[in-house]
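Everything below concerns the one structure shown next.
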Amino acid sequence: MVGWAIAVHGGAGVDPNLPPQRQEEAKQLLTRVLNLGISALRSNASAIDVVELVVRELETDPLFNSGRGSALTEKGTVEMEASIMDGTKRRCGAVSGLTTVKNPISLARLVMDKSPHSYLAFSGAEDFARKQGVELVENDYFITPENVGMLKLAKEANTILFDYRVPTSGYDKCGAAVESPIVMNGLPISVYAPETVGCVVVDREGRCAAATSTGGLMNKMTGRIGDSPLIGAGTYACEVCGVSCTGEGEAIIRGTLAREVAAVMEYKGLGLQEAVDFVINERLDEGFAGLIAVSKSGEVAYGFNCNGMFRGCASEDGFMEVGIWE
C-alpha cells in the first residue's frame, strides 16, 4: 500500500497580464476538481476511474480548452481529442476529430475498455460513440462567445493561436510578444496561450493513470491532430509513473515528452521530480510546454519552461498546492 497522489493541469503558457478575476476563476476550478479527485481517492476509487472523473468535470466547465469551451478550427467548428492510459497493463484509449461527443475523455475510456483498438478518429470515433450510447450534443454546445472572438482575432492576425485564449485588448498583451514569435515547424507563431486539461493519479494500490483532453489550436486547420491524444507524447502511464503534458503540441510530439519521463526513470534511475526537470530542460529543443506527473510510490511533480502553468496537486500526507506562476 502506498499513499495516493493526484495532479491536474489547465494548460501551460499563461498570459502574464491575465486579469486577477480570471486567475481566481481558474484557481477555483482547479481546487474544485482536485477536491473531487481527492474525495474519490479517499473512497478507494481506482486511479483510472479518478482521472476520467476529473477530466470529465474539466470538459464540462467552459473555462479551459476542452469539451465545452474548446478552441475553434479555421471553419469556426470544434474538433476535440483526448486520451487515457491505465499504467497497470499499459492499456490505453484515444480519440480525435470529435464534434458531437459531450465528454471526449469518456469515449477514449470506452475505446480502451470496449473496442479491440487503441485509437479511433473522426467519423469512425463518432460512429463508435453512437453505438456505445454516449451523450451527444450539437457542435454549437461547445462554442462560446469568447472563443468566437478569439477566432476573429486569429484570422485578423492570419496566425494560429496556440490552443486557446488571449486577451481581447490586443496582441501586445499575449503570452509571447509579437516581436519575439514562437516558431512551430519553422513557421513563426506570434501568440502562445495553451489551456489543455489533464489529470494524473496514483492510487493506494500504487496504480498510475493519466488522461488528457483538448480542443487543440485556435484557428487550426481542420483535421489537425496534436499531442493530447497521442500515447507517449501528451499522455503516458506505466507501472512507474503517470504523465500528462500541455503546451506546444508539435514540440511535445517530437520529444515524445510523456514517455520520456518514464524512460529516464527506468533507464537512468532518476526520481520523479528529477525526471520531470530533465525532460523539460533537455527534450523540448526550442518548444514550450509543461507537464504533471505521479509515481508509483506516491510522489507528485510538475514542471514547465514557459511563464506559467495552471495546476493543482495533492497527496495523502496532507500536501496540497494550487498555482499558476513559478
Side-chain angles (χ1 to χ4, degrees), residues 1-10 29-60 66 82-94 103-114 118 197-213 228 231-232 234-246 258-259 261-263 265-266 270-273 275-276 291-303 311-322:
M1 297 284 287
V2 301
W4 53 257
I6 180 173
V8 298
H9 73 72
L29 175 56
L30 291 167
T31 301
R32 177 161 60 83
V33 298
L34 197 58
N35 282 327
L36 179 68
I38 290 170
S39 178
L41 285 164
R42 285 173 175 164
S43 300
N44 293 317
S46 67
I48 193 69
D49 286 343
V50 176
V51 294
E52 181 188 5
L53 174 71
V54 169
V55 172
R56 275 182 64 95
E57 190 71 15
L58 287 165
E59 288 174 339
T60 302
S66 66
S83 62
I84 191 168
M85 190 163 188
D86 185 349
T88 306
K89 294 184 178 179
R90 283 184 288 201
R91 299 166 58 245
C92 60
N103 290 107
I105 198 63
S106 291
L107 187 62
R109 174 77 183 270
L110 287 169
V111 170
M112 180 178 75
D113 289 342
K114 302 293 185 181
S118 295
V197 306
C199 180
V200 293
V201 167
V202 57
D203 59 28
R204 285 175 173 157
E205 302 296 322
R207 299 171 297 195
C208 297
T212 312
S213 181
S228 295
I231 298 301
T235 304
Y236 190 74
C238 59
E239 291 184 349
V240 175
C241 64
V243 184
S244 174
C245 301
T246 173
R259 168 58 188 157
V261 174
M265 291 181 73
E266 293 175 37
L270 299 186
L272 183 67
Q273 188 65 60
V276 169
L291 63 85
I292 53 174
V294 293
S295 75
K296 66 178 181 180
S297 58
E299 301 168 291
V300 62
Y302 62 84
R311 82 265 177 191
C313 47
S315 54
E316 193 165 11
D317 62 10
F319 168 74
M320 183 171 178
E321 173 188 318
V322 174

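We use all heavy atoms of the structure for the numbers below, so side chains are in, but hydrogens, waters and symmetry mates are not.
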Check your understanding: Do S228 and T212 have side-chain atoms, one donor and one acceptor, less than 3.5 Å apart?
Key -> no
Point to revise | N35 side chain reached by M320 side chain, heavy atoms, under 4.5 Å | key: yes
Review point. Sub-3.5 Å donor-acceptor pair from the side chain of D203 to the main-chain atoms of G206, do we have one?
Key: yes
Exercise for review: For the pair E205 and K296, find out whether any cationic side-chain nitrogen is under 4.0 Å from an anionic carboxylate oxygen.
Suggested key: no
Practice item. Compare all side-chain heavy atoms of V243 with those of I292 and state whether any distance is below 4.5 angstrom. Key: no
Check your understanding: Quick one: are E299 and Q273 in side-chain contact, heavy atoms under 4.5 Å?
Key -> no
Exercise for review: Would you give the length of the straight line joining atom CZ of R91 to atom CD1 of I84, rounded to the nearest 0.5 angstrom?
Suggested key: 9.5 Å
Point to revise | Pairwise side-chain contact, C313 with F319, heavy-atom cut-off 4.5 Å (strictly under) | key: yes
Point to revise | Chi angles and distances behind the side-chain contact (heavy atoms from CB on, under 4.5 Å) call for L29, V33 | key: CA-CA 6 Å; L29 175 56; V33 298; 4.0 Å; yes
Practice item. Give, for atom CG of L34 and atom SG of C199, the distance between the pair rounded to the nearest 0.5 Å. Key: 8.0 Å
**Study point:** Derivation of the side-chain contact (heavy atoms from CB on, under 4.5 Å) call for V294 and W4
**Key:** CA-CA 9 Å; V294 293; W4 53 257; over 6 Å; no
Practice item. Report yes if the side chains of R204 and N44 come closer than 4.5 Å at any heavy-atom pair, otherwise no. Key: yes
Review point. Considering all heavy atoms of both residues, which atom of V276 and which atom of A293 are nearest to each other, and what is their separation?
Key: CG2-CB, 4.0 Å
Check your understanding: So how far is it from I105 CD1 to R56 CZ, rounded to the nearest 0.5 Å?
Key -> 10.0 Å
Review point. So Y236 and I231, side-chain contact (heavy atoms from CB on, under 4.5 Å) or not? Walk me through it.
Key: CA-CA 6 Å; Y236 190 74; I231 298 301; 4.2 Å; yes
Review point. Step by step, would you call D86 with R207 a salt bridge (charged side-chain N to carboxylate O under 4.0 Å, His left out)?
Key: CA-CA 8 Å; D86 185 349; R207 299 171 297 195; over 6 Å; no
**Study point:** Side-chain heavy-atom pair T246, L291 within 4.5 angstrom cut-off
**Key:** no
Study note, to complete from the structure: Tightest non-hydrogen contact, residues V50 and A40, listed as CG2-CB, 3.9 Å
Exercise for review: State whether a side-chain donor-acceptor pair under 3.5 Å links S66 with S213.
Suggested key: no
Practice item. Please collect all salt bridge (Lys or Arg N to Asp or Glu O under 4.0 Å) contacts where either partner lies in residues 29-40, sequence neighbours excluded, each pair once. Key: R32-E57, R32-D61
**Study point:** For the student: nearest non-hydrogen atoms of S83 and T235, plus distance
**Key:** OG-OG1, 2.8 Å
Study note, to complete from the structure: Note: A5 and G298 closest approach over all heavy atoms is CB-O, 3.5 Å
Study note, to complete from the structure: For C238 and E266, the nearest pair of non-hydrogen atoms, with its separation, is SG-OE2, 3.9 Å
Point to revise | Carboxylate-amine/guanidinium contact K89 E239, below 4.0 Å | key: no
Review point. Can you tell me how far CG of L41 sits from CD1 of I6, rounded to the nearest 0.5 angstrom?
Key: 5.5 Å
**Study point:** Heavy-atom check, side chain of R311 versus side chain of V8, under 4.5 Å
**Key:** no
Exercise for review: Begin from the C-alpha positions of I48 and M112 and carry the test side-chain contact (heavy atoms from CB on, under 4.5 Å) through to its verdict.
Suggested key: CA-CA 11 Å; I48 193 69; M112 180 178 75; 4.0 Å; yes
Point to revise | Heavy-atom side-chain proximity of R109 to D49 below 4.5 angstrom | key: yes
Check your understanding: Just by distance, do the side chain of E321 and the backbone of G312 share a donor-acceptor pair under 3.5 Å?
Key -> no
Revision key, fill the gap. Scanning both residues in full, the closest heavy-atom pair of V300 with A7 reads CG2-CB, 3.7 Å
